[in-house]
K.L.:
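Below is one structure. I have some questions about it.
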Amino acid sequence: MKRAIITVVGKDTVGIIARVCTYLAQNNINILDISQTIVQGYFNMMMVVDMERKEKHFGDIVYELGALGEEIGVIIKCQKEEIFDRMHRI
């Protein structure tokens, strides 16, 4: 399974989850786990997704999620799971 980690951070507004999840569904990316919280008006979400059936190149997805984030006023980052794990190893 090709998994990735998606993080979304920014000022809370209506529709953030809907827009991100719609993009993922349109690109055949399945959400395996999701956690989100709002702290004093700031939105934070982390998702583990399955990209086995993705319809685009990984780099295109990373770029498009970043552009979507700019459009809705948040920062969206997408990393392959193995790179995320290596970066956060103690």
Side-chain angles (χ1 to χ4, degrees):
M1 183 184 316
K2 296 179 182 178
R3 295 176 3 159
I5 309 300
I6 297 173
T7 57
V8 182
V9 179
K11 197 87 163 135
D12 186 37
T13 59
V14 174
I16 296 171
I17 296 172
R19 295 287 301 273
V20 174
C21 290
T22 297
Y23 174 86
L24 297 176
Q26 289 171 342
N27 288 281
N28 212 22
I29 299 169
N30 187 40
I31 299 167
L32 301 173
D33 199 358
I34 183 171
S35 173
Q36 70 94 41
T37 187
I38 300 168
V39 178
Q40 295 185 0
Y42 290 95
F43 179 86
N44 184 39
M45 178 168 65
M46 182 173 176
M47 308 168 96
V48 178
V49 298
D50 176 5
M51 294 201 161
E52 189 79 34
R53 297 182 184 155
K54 67 182 172 28
E55 298 177 352
K56 297 179 181 176
H57 292 287
F58 183 77
D60 293 336
I61 292 168
V62 170
Y63 176 79
E64 290 174 2
L65 283 170
L68 174 62
E70 287 182 24
E71 183 181 318
I72 61 177
V74 296
I75 297 169
I76 302 177
K77 299 287 184 185
C78 180
Q79 295 177 296
K80 293 181 179 180
E81 182 181 44
E82 58 269 14
I83 293 172
F84 185 87
D85 287 345
R86 288 184 184 137
M87 285 179 49
H88 294 89
R89 191 175 358 184
I90 298 175

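Just the heavy atoms: all of them, side chains too, but no hydrogens, waters or symmetry mates, feed the values below.
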K.L.:
side-chain contact (heavy atoms from CB on, under 4.5 Å) between V20 and M47: does it pass, once the steps are laid out?
P.N.:
CA-CA 10 Å; V20 174; M47 308 168 96; 4.1 Å; yes
K.L.:
Under a single-linkage definition using a 4.5 Å side-chain heavy-atom cutoff for Ile, Leu, Val, Met, Phe, Trp and Tyr, are I17 and Y42 assigned to the same hydrophobic cluster?
P.N.:
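No.
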K.L.:
Going from CD1 on I38 to CE on M45, what distance comes out if it is rounded to the nearest 0.5 angstrom?
P.N.:
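One gets 10.5 Å once the value is rounded to the nearest 0.5 Å.
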K.L.:
Out of curiosity, does L68 fall in the hydrophobic cluster containing I31 (side-chain heavy atoms, cut-off under 4.5 Å, transitive links)?
P.N.:
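Shared cluster, yes.
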K.L.:
How many angstroms lie between CG in D33 and CE in M46, if you round to the nearest 0.5 Å?
P.N.:
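D33 atom CG to M46 atom CE measures 8.5 Å (nearest 0.5 Å).
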K.L.:
Determine the minimum heavy-atom distance between L65 and C78, stating which atoms define it.
P.N.:
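Here L65 and C78 meet closest at CD1-CB, 3.9 Å.
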K.L.:
Distance from K80 atom NZ to I5 atom CD1, nearest 0.5 Å?
P.N.:
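If we round to the nearest 0.5 Å, K80:NZ and I5:CD1 are 13.0 Å apart.
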K.L.:
Distance check, rounded to the nearest 0.5 Å: Q26 atom CD versus K56 atom NZ?
P.N.:
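If I round to the nearest 0.5 Å, the distance is 8.5 Å.
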K.L.:
Would you indicate whether K77, at its atom NZ, is surrounded by more than 12 heavy atoms from other residues, nucleotides or ligands within a distance under 6.0 Å?
P.N.:
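Atom NZ in K77 is not packed in, count stays at 12 or less.
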K.L.:
N28 pairs by side-chain contact (heavy atoms from CB on, under 4.5 Å) with which of R53, M51, E52?
P.N.:
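Running side-chain contact (heavy atoms from CB on, under 4.5 Å) over R53, M51, E52 with N28 returns exactly one hit, R53.
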K.L.:
Other residues, nucleotides and ligands only: do more than 12 of their heavy atoms fall within 6.0 Å of CD1 on I75?
P.N.:
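Not more than 12 within 6.0 Å, no.
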K.L.:
More than 12 non-hydrogen atoms from neighbouring residues, nucleotides or ligands closer than 6.0 Å to CZ on F58, yes or no?
P.N.:
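Result for CZ/F58: enclosed.
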K.L.:
Among V49, I61, N30, which residue satisfies the side-chain contact (heavy atoms from CB on, under 4.5 Å) criterion with L24?
P.N.:
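So the option named by the test is V49.
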K.L.:
Is K11 positioned over the aromatic face of F43, cation under 6.0 angstrom from the ring centre and no more than 45 degrees off axis?
P.N.:
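No, K11 does not lie over the aromatic ring of F43.
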K.L.:
Distance from Y23 atom OH to I76 atom CD1, nearest 0.5 Å?
P.N.:
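So the gap between those two atoms works out to 9.5 Å.
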K.L.:
Any chance you could measure Q36, atom CD, to I16, atom CD1, to the nearest 0.5 Å?
P.N.:
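So the CD of Q36 and the CD1 of I16 are separated by 9.0 Å.
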